[in-house]
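Values in this document were obtained by computation on a predicted structure and should not be read as measured data. Reckoned from all heavy atoms, side chains included, excluding hydrogens, waters and symmetry mates. One-based numbering along the sequence shown.
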Amino acid sequence: MQVTSAETQFVDALLAEAARQASSDPAVRRGDFQTATVTAVAVTPGTVDVGAIRARCVDGLYVAPAVGDNIVLLQSGNGNWLALGRLAAGSDPIGGSRTAIRTADLPRTNNATATADPQIALSATAGAIYDLDAVAFYSGTPDLLLGWSVPSGTNGTWIGLGNGTTVVSGTGAGGTQQDISSTWGYTLRTESTAIGATRTYGGISTTSFAVQISGTIRVGATAGTIAMAWAQGTSSATATNLLTDSRMRLRRVS
């Protein structure tokens with residue numbers, strides 16, 4: 001049987017239309033993966049809109065959605081859409097964490113003015129909010145003056161759990177003693193502190209102590225660097241040492 005040109009054109013058109021219909025039908029296509037830009041947030045709680053598409057945010061993956069986010073969308077075979085999360089924009093994405101760590105002991109002498117540590121420092125984005133998690137390992141009788149170097153206009157609060165300026169430790173009889181190393185443990189200072197202010201933590205000779213730090217940092221309109229800033233509690237020729245493995249971690253939350 002000879003096939004005419006008109007019949008061939010009809011078959012070609014039929015196949016093309018079937019392919020076009022299948023491309024827009026998730027039941028045929030089965031699933032879809034694409035990137036898109038958010039146009040509205042939480043019209044329905046827990047969702048974002050991308051044009052006419054409304055997608056459910058994945059808990060723990062897509063944090064603090066915002067209009068203009070460039071995100072990953074996933075569509076199931078039955079047509080439901082999921083917003084998996086935003087694509088990284090530069091080196092400081094929302095939800096991302098970065099860490100700076102001291103790789104060698106650093107002594108400071110004859111200095112009671114807190115200055116930025118050259119290793120424990122990270123860049124900060126204008127308008128960003130960060131969770132602060134840090135630890136300062138130190139030693140030295142002149143004590144440790146501890147604070148933060150932050151960009152102009154930055155606000156926030158931190159707390160450092162560590163020794164008071166006078167180190168109070170326990171005794172085997174259940175009492176306390178001052179400025180004496182002990183295997184019975186130590187009392188802690190627990191004040192909250194503005195991000196631009198410092199606290200002093202006591203030391204005893206070469207005994208190694210730690211300050212466990214947490215807080216919130218709200219960067220203003222000026223980007224810059226956030227760094228652990230420190231000095232001696234009292235200026236002395238005997239060194240205060242910031243020890244190896246002291247670190248700072250910033251997690252951007254918005």
Side-chain angles (χ1 to χ4, degrees), residues 97-124 130-152 154 156-171 176-217 219 223-251:
S97 295
R98 295 171 295 140
T99 301
I101 189 167
R102 171 142 289 289
T103 58
D105 297 352
L106 179 63
R108 285 181 174 173
T109 58
N110 301 311
N111 185 352
T113 301
T115 55
D117 187 275
Q119 284 193 311
I120 308 178
L122 293 167
S123 62
Y130 298 95
D131 281 337
L132 169 65
D133 172 42
V135 61
F137 299 109
Y138 71 98
S139 66
T141 301
D143 301 340
L144 174 71
L145 179 68
L146 186 62
W148 304 94
S149 174
V150 296
S152 175
T154 295
T157 306
W158 66 283
I159 180 172
L161 301 178
N163 293 329
T165 52
T166 297
V167 180
V168 179
S169 59
T171 68
T176 60
Q177 56 192 354
Q178 294 185 353
D179 291 331
I180 298 174
S181 297
S182 172
T183 58
W184 298 94
Y186 300 84
T187 60
L188 297 177
R189 69 182 314 163
T190 59
E191 309 98 324
S192 63
T193 308
I195 201 66
T198 58
R199 290 286 179 189
T200 301
Y201 298 89
I204 303 174
S205 187
T206 59
T207 302
S208 298
F209 290 109
V211 182
Q212 182 65 55
I213 301 154
S214 59
T216 302
I217 300 177
V219 181
T225 299
I226 296 172
M228 183 180 290
W230 64 280
Q232 296 178 291
T234 302
S235 181
S236 171
T238 300
T240 294
N241 304 286
L242 192 67
L243 304 178
T244 302
D245 295 333
S246 297
R247 62 164 178 81
M248 172 182 67
R249 178 180 294 119
L250 296 178
R251 178 178 181 272

Inset, instruction - Check the pair T240, R108 against side chain to side chain donor-acceptor pair (under 3.5 Å), reporting the backbone distance first and the verdict last. - result: CA-CA 6 Å; T240 294; R108 285 181 174 173; over 6 Å; no
Where the side chain of [X] meets the backbone of [Y], is there a donor-acceptor pair that is under 3.5 Å apart?
X: D143; Y: G203; answer: yes
X: E191; Y: I159; answer: no
X: S182; Y: G170; answer: yes
X: Q177; Y: T171; answer: no

Legend entry - Working for side-chain contact (heavy atoms from CB on, under 4.5 Å), residues T157 and T216: CA-CA 6 Å; T157 306; T216 302; 5.8 Å; no
Do [X] and [Y] make a side-chain contact, defined as non-hydrogen atoms from C-beta onward lying under 4.5 Å apart?
X: I226; Y: L122; answer: no
X: Q119; Y: S246; answer: no
X: W158; Y: R199; answer: yes
X: S139; Y: N241; answer: yes

So which heavy atom on [X] is nearest to which on [Y], and how close?
X: L243; Y: S208; answer: CD1-OG, 3.6 Å
X: P118; Y: L106; answer: CD-CD2, 4.1 Å
X: L144; Y: W230; answer: CD1-CE3, 3.7 Å
X: I195; Y: T154; answer: CG2-O, 4.0 Å
X: V167; Y: G202; answer: CG2-C, 3.6 Å
X: S169; Y: I180; answer: OG-O, 2.7 Å

In Å and rounded to the nearest 0.5 Å, what is the [atom1] to [atom2] distance from [X] to [Y]?
X: M228; Y: W148; atom1: CE; atom2: CH2; answer: 4.0 Å
X: R189; Y: T165; atom1: CZ; atom2: OG1; answer: 6.0 Å
X: R247; Y: I213; atom1: CZ; atom2: CD1; answer: 9.0 Å
X: T198; Y: L146; atom1: OG1; atom2: CG; answer: 8.5 Å
X: M248; Y: I101; atom1: CE; atom2: CD1; answer: 11.5 Å
X: T234; Y: N110; atom1: OG1; atom2: CG; answer: 12.0 Å

Legend entry - Candidate pair S97 and Y130, rule side-chain contact (heavy atoms from CB on, under 4.5 Å), full reasoning: CA-CA 9 Å; S97 295; Y130 298 95; over 6 Å; no
Legend entry - side chain to side chain donor-acceptor pair (under 3.5 Å) evaluation trace for T238 with T141: CA-CA 8 Å; T238 300; T141 301; over 6 Å; no
Legend entry - Stepwise side-chain contact (heavy atoms from CB on, under 4.5 Å) check, L250 with L132: CA-CA 5 Å; L250 296 178; L132 169 65; 3.9 Å; yes
Inset, instruction - Begin with the C-alpha distance, continue with both residues' side-chain angles, and end with the deciding distance and a verdict on side-chain contact (heavy atoms from CB on, under 4.5 Å) for D133 and Q212. - result: CA-CA 8 Å; D133 172 42; Q212 182 65 55; 3.6 Å; yes
Legend entry - Plane angle bin for Y138 and F209 - parallel if under 30°, tilted between 30 and 60°, otherwise perpendicular: tilted
